[in-house]
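Notes for the one structure printed next.
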Amino acid sequence: MHHRWISLLLSLCLLSGYSLAWGESCGDPIHCTPPQFYDELPADGASVTALDHVEITAAPDTNISHLEFFVGGTAYQPVATALRSGAHRLTLDMPDPIQKTGPVVVRVTAQNRVGECWGMKAWIINIR
């Protein structure tokens, strides 16, 4: 009989979206604040003749040691400069500027400082 109550409790926890905590009770749902990214250069939708430099700011809650930075599908390691606010300015001088006409997708992904979730920002720069 006791096993039926435990099974019922587990089912209710799973169906209600709560995670099982240690013991036999439901815990609070995990609330995650993903890291934010802003002030990208060139801006989203900008048109340039060649893409040779990209910048973006990562909010203070970003774990920059767990950061992925892609330009046109290729991974790069940007330079991270700490700002007074606790944010980081991420800059990348492209080793080989992109000159092929068309859209280029820039994407940055990182964990928050607690490591509980990821945030992502993607934008398109048009090469003319």
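One-based numbering along the sequence shown. Side chains are part of it too, since the values below use all heavy atoms of this structure and drop only hydrogens, waters and symmetry mates.
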**Message:** Quick check: closest heavy atoms across A87 and Y38, and the distance to 0.1 Å?
**Reply:**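 Shortest heavy-atom separation between A87 and Y38 comes out as CB-OH, 3.8 Å.
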**Request:** Return the minimal non-hydrogen interatomic distance between G119 and P34, and the atom names on each side.
**Result:**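 Minimum heavy-atom contact is CA-CB, 3.9 Å.
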Non-hydrogen side-chain atoms of [X] and [Y] separated by less than 4.5 Å:
X	Y	answer
N126	V48	no
V108	M120	no
P103	I125	no

Under 3.5 Å, side chain of [X] to main-chain N/O of [Y], donor-acceptor pair present?
X	Y	answer
W118	P35	no
R89	A58	no
R128	S47	yes

**Request:** Start with the C-alpha distance between R107 and K121, add both sets of side-chain angles, then the distance that settles side chain to side chain contact (heavy atoms under 4.5 Å, CB included), and finish with yes or no.
**Result:** CA-CA 6 Å; R107 178 177 58 88; K121 168 79 175 190; over 6 Å; no
**Request:** Give the C-alpha distance, both sets of side-chain angles, the deciding distance and a yes or no for side chain to side chain contact (heavy atoms under 4.5 Å, CB included) between I127 and L51.
**Result:** CA-CA 7 Å; I127 311 298; L51 184 59; 3.7 Å; yes
**Message:** side chain to side chain contact (heavy atoms under 4.5 Å, CB included) for V106 and E40? Distances and angles first, verdict last.
**Reply:** CA-CA 10 Å; V106 180; E40 62 271 14; over 6 Å; no
**Prompt:** T33 and D61: side chain to side chain contact (heavy atoms under 4.5 Å, CB included), yes or no, with the steps?
**Reply:** CA-CA 9 Å; T33 304; D61 65 342; 3.9 Å; yes
**Request:** State the CE-CD distance between M94 and Q99, to the nearest 0.5 angstrom.
**Result:**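 Output value for this atom pair is 11.0 Å.
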**Item:** Passing option when T57 is tested against T62, L41, D39, L90 for side-chain contact (heavy atoms from CB on, under 4.5 Å)
**Value:** D39
I'd like a table of donor-acceptor pairs (distance under 3.5 Å, sequence neighbours excluded) in which one partner is a side-chain atom from residues 66-84, with atom names and distances.
from: H66; atom 1: ND1; to: N63; atom 2: ND2; distance (Å): 3.1

**Message:** Could you see if W123 belongs to whatever hydrophobic cluster contains I98? Use Ile, Leu, Val, Met, Phe, Trp, Tyr and a side-chain cutoff under 4.5 Å.
**Reply:**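 Both belong to a single hydrophobic cluster.
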